[in-house]
Amino acid sequence: MQPSAALDLAHTRPRPVHWLATAAAMAAVVAAAGLLQPEAATASQTAPGTGPRPVRAAAEPAPDASSAVYPLECHGEKPAVVKQGSGDLDGDGRPEIVAVVRCVSGIGTPPSGVFVLTGPSRVVATLVDPADGMGVSHFAVSGGTVSATLLGYSSPDVPRCCPDRQEKVKWQWRGGKFARTVLPDARSM
């Protein structure tokens with residue numbers, strides 16, 4: 001169907017006045033958006049009831065895991081830091097280091113310890129005691145949580161090369177100490 005020649009739609013032909021009116025309307029919208037700004041964001045991650053944290057002049061560096069003195073006897077040798085992670089685990093605004101440490105051994109895999117360090121490389125908590133005879137794999141520090149897979153032995157008869165127990169755990173700061181939680185095993189049969 002052809003449009004009628006008699007039908008004249010004047011509004012379909014833009015004229016300079018139309019362009020000026022559109023430009024003026026757009027300028028008014030942009031100006032209004034510039035004047036109406038939201039308040040500055042003030043989100044924080046303080047625990048309920050703890051109040052705001054004091055502002056520090058400069059961020060404190062994380063402790064140095066390699067210079068710490070660990071409660072681990074390695075027959076005169078310095079213990080080896082095999083894994084480490086950092087984060088503010090207790091919510092005080094200062095970073096802590098979590099280190100997986102074990103003695104150096106020419107054969108086999110000696111048991112590991114997991115230690116929390118703060119300040120000038122000072123051990124403040126033991127998450128896994130080397131005396132428990134556990135190995136540590138899949139270690140991570142993220143979002144205030146320390147997680148690891150602990151490897152161990154069901155009896156003294158199991159060869160020390162081949163752990164036959166596995167436990168997935170995490171630690172979080174609760175009630176002034178690190179609380180350990182055993183995670184469900186995700187394997188299916």
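Predicted model, so just to flag it, every value in this text is computed and none were measured.
- Expressed to the nearest 0.5 Å, how far CZ of R94 lies from CG of D88 amounts to 8.5 Å.
- Put simply, CG on D64 and CD1 on I97 are 8.0 Å apart, with the number rounded to the nearest 0.5 Å.
- Comment: R180 engages E167 in a salt bridge, judged by a side-chain N to carboxylate O separation of less than 4.0 angstrom.
- Listed by chain and number, the hydrophobic cluster partners of V100 are V82, L89, V98, V114, V116, V124, L127, V128, M134, V136, F139, V141, V146, L150, V169, W171, W173, F178, V182, where partners are ILVMFWY side chains within reach of under 4.5 Å, directly or through others.
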- Message: L183 vs K170, test: side chain to side chain contact (heavy atoms under 4.5 Å, CB included). Steps then yes/no.
- Response: CA-CA 7 Å; L183 303 174; K170 72 176 183 177; 4.0 Å; yes

- Item | Residues S112, V101; criterion side chain to side chain contact (heavy atoms under 4.5 Å, CB included); working and verdict | CA-CA 6 Å; S112 297; V101 181; over 6 Å; no

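- Heavy atoms of other residues, nucleotides or ligands lying less than 6.0 angstrom from CD of E77 number 12 at most.
- Nearest heavy atoms, S121 versus S67: OG-OG, 3.2 Å.
- P111 approaches G133 most closely through the heavy-atom pair CB-CA, 3.6 Å.
- The shortest heavy-atom contact between F115 and P71 is CE2-CG, 3.5 Å.
- One side chain, D164 or S154, offers a donor N or O that lies under 3.5 Å from an acceptor on the other.
- A 4.5 Å side-chain heavy-atom check between Y70 and T126 finds every atom pair outside the cut-off.
- The two residues T149 and K168 have their closest heavy-atom pair at OG1-CG, 3.8 Å.
- For A99 against A65, the heavy-atom pair with the smallest separation is CB-CB, 4.2 Å.
- Using a 4.5 Å heavy-atom threshold, the side chains of C74 and V104 count as separate.
- In this view, S86 satisfies the side chain to side chain donor-acceptor pair (under 3.5 Å) rule with no residue, not counting sequence neighbours.
- No side-chain heavy atom of C103 sits less than 4.5 Å from a side-chain heavy atom of P79.
- Between the CD atom in Q166 and the CG atom in L151 there is a gap of 6.0 Å [rounded to 0.5 Å].
- In this structure, the separation between CD on Q84 and OG on S66 is 7.5 Å, given to the nearest 0.5 Å.
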